[in-house]
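Values below: every heavy atom of this structure, side chains too, minus hydrogens, waters and symmetry copies.
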Amino acid sequence: MARTPPARAPSPPAFGAPRRPLLLAGLGAWHAGAGKVLRELGDRLGALFATTVMAGGLFRESPWSLGVCGGFAAPSAAALMGEADVVVAFGASLDTFTLHGGRILDPAATVVQVDLAGDDRSQRADLTVRGDAHAVAVRLLDAVEERGLPVSEWRERRAPAVAGARAGWAALASEDTSGAGRIDPRALTRALAELLPEERTVVLDGGHFIAWPAMYWPVPDPAGFVFTGAAFQSIGLGLAGAVGAAVGRPDRLTVAAAGDGGALMGLPELDTLVRSGRPALVVVYDDAAYGFEEHMYLPQGADPATTSFADTDFAAVARGLGAAAVTVRSVDDLDAVREWRAAGCPGTLVLDCKVVAGVVAPFLADLLARA
């Protein structure tokens, strides 16, 4: 693919020799094919790596990757990101979600933003470089070598903490609130993580539930993550995205996650997915409500009738469309996934997961606390 040469590359003396450098890659870096050179640059500087949620998996092979930056980051990873004194963001918009409302980075850190749209500068950026992520990274690597910048000791000093951070949310204990016929969404998502193949395409609709797959289901590379809710700022498109993923990447198992509100809005596409005949696992986080709106607006006096609705039997609907389906109220019900995989993942399996409504995702809890 043709690459636009950068107008200029950031000069190392502009931010000195960083003691704790962090390279942050967004989807623009992935599109530019910059993953390899960014890893080389990071290794030369002694930097740690992070990605936006849309570029998850870009640094998967590096032991120095902290994973996703922002509200979905595990606390230990977020703490390390907050130690960085210089952050160079390649192909990332540095929006409020990536920066977790501005709290993910040290306010004193120098932030360099490398992006083709150099005029679309983030307010957090101290320096903006207009250019292709790959081309700028190559020139910056050359400049670092020419000027003989020392390798940071940050990795060596914080190696145990990085190793712990890489374990992510899966290593953190959480209260299991399952009961009364409903399953804790954290317990559900953790258990499913152990049942999914590593080579997978995760497709997300939009809504409160998005946190759980983003926190517990890492993807092999950015191509393995399709986030329709963020791409279109709308719910109801996840099942349509699953059709495209299942047909376009038959070498990977498509795992689609949707809230019950979004699943109802996109229900006709479930029929299309079933008729495609491709293997797909559909996980419906069913709390009988528009969860995001319930948590956000009920405390402000919103009418509960506008955010909640009667329970939907998605399993019965899915079976009516020709899919295999099961209602999940405990982790024991996930044996259906084991059996489906043992049989070679024939067609579509739908999990109607009756989740506990009162468990609020960390990113939303933080947002509500700020509000």
Side-chain angles (χ1 to χ4, degrees), residues 71-72 169-170 172-196 202-217 227-229 235-236 238-239 242 255-267 270 280-299 304 306-319 323-338 340 348-368:
F72 299 147
W169 291 99
L172 299 179
S174 61
E175 179 186 4
D176 188 349
T177 63
S178 303
R182 292 198 167 270
I183 185 170
D184 188 303
R186 296 163 296 191
L188 166 70
T189 316
R190 286 173 185 265
L192 277 172
E194 299 176 0
L195 302 178
L196 302 178
V202 175
V203 182
L204 296 190
D205 203 305
H208 171 239
F209 79 91
I210 61 173
W212 313 123
M215 290 162 57
Y216 293 106
W217 298 346
F227 195 173
T228 63
I235 69 172
L239 292 174
V255 183
D260 48 335
L264 285 170
M265 291 176 68
L267 198 56
L270 178 58
L281 178 66
V282 177
V283 182
V284 181
Y285 287 80
D286 185 356
D287 60 356
Y290 293 115
F292 191 100
E293 286 72 19
E294 274 219 331
H295 296 307
M296 177 69 76
Y297 298 118
L298 287 189
T306 64
T307 61
S308 61
F309 34 82
D311 187 62
T312 302
D313 190 347
F314 285 99
V317 173
R319 284 191 289 266
V326 64
T327 300
V328 177
R329 300 184 184 277
S330 72
V331 293
D332 292 338
D333 295 321
L334 297 178
D335 285 342
V337 179
R338 295 183 177 88
W340 179 71
T348 300
L349 173 61
V350 175
L351 304 180
D352 182 7
C353 304
K354 306 300 187 182
V355 299
V356 176
V359 180
V360 182
F363 88 96
L364 183 55
D366 288 350
L367 179 63
L368 293 175

Q: Under 3.5 Å, side chain of Asp352 to main-chain N/O of Phe314, donor-acceptor pair present?
A: yes
Q: Compare every heavy atom of Leu349 with every heavy atom of Ala336, then report the nearest pair and how far apart it is.
A: O-CD2, 4.0 Å
Q: Is there a side-chain contact between Thr177 and Val356 (heavy atoms, below 4.5 Å)?
A: yes
Q: Is there a side-chain contact between Leu192 and Trp217, using heavy atoms and a 4.5 Å cut-off?
A: yes
Q: Mind listing the closest non-hydrogen atom pair of Leu188 and Tyr285 along with its distance?
A: CD2-CE2, 3.7 Å
Q: Do Thr306 and Tyr290 have side chains that get closer than 4.5 Å, going by heavy atoms?
A: no
Q: Side chains of Val359 and Arg186: does their closest heavy-atom pair fall under 4.5 Å?
A: yes
Q: Run Val331 and Arg190 through side chain to side chain contact (heavy atoms under 4.5 Å, CB included) and show every step you take.
A: CA-CA 10 Å; Val331 293; Arg190 286 173 185 265; over 6 Å; no
Q: Out of Asp287, Asp311, Asp333, which one pairs with Lys354 under the salt bridge (charged side-chain N to carboxylate O under 4.0 Å, His left out) rule?
A: Asp311
Q: Looking at Ala288, is its backbone amide N or carbonyl O close enough to the side chain of Asp286 to form a donor-acceptor pair, meaning the two atoms are under 3.5 Å apart?
A: yes
Q: Heavy-atom distance under 4.5 Å between the side chains of Ile210 and Phe292, does that happen here?
A: no
Q: Would the distance check show the side chain of Thr228 and the main-chain N or O of Leu204 forming a donor-acceptor pair, the cut-off being under 3.5 Å?
A: yes
Q: Got a donor-acceptor contact below 3.5 angstrom from the Arg329 side chain to the Gly181 backbone?
A: yes
Q: Can you confirm whether Glu175 sits close enough to Asp184 that some side-chain heavy atom of one is under 4.5 Å from a side-chain heavy atom of the other?
A: no
Q: So, for Leu364 and His295, which heavy atoms are closest and what is the spacing to 0.1 Å?
A: CD2-CB, 3.8 Å
Q: Does a side-chain heavy-atom distance below 4.5 Å link Val360 with His208?
A: yes
Q: Just verifying a value: how many Å separate Leu334 CG and Leu195 CG, rounded to the nearest 0.5 Å?
A: 6.0 Å
Q: Drop me the distance from Arg182's CZ to Cys353's SG, to the nearest 0.5 angstrom.
A: 11.0 Å
Q: Taking all non-hydrogen atoms of both residues into account, name the closest pair between Asp260 and Phe309 and its distance.
A: OD2-CE1, 3.3 Å
Q: Measuring only between side-chain heavy atoms, which start at C-beta, is Trp340 closer than 4.5 Å to Leu281?
A: yes
Q: For the residue pair Gly71 and Phe363, what are the closest heavy atoms and their distance?
A: O-CB, 3.8 Å
Q: Of all heavy-atom pairs between Ser308 and Glu294, which one has the smallest distance, and what is that distance?
A: CB-OE2, 3.5 Å
Q: Looking at Trp169 and Trp212, would you say the former's side chain and the latter's main chain have a donor-acceptor pair under 3.5 Å?
A: no
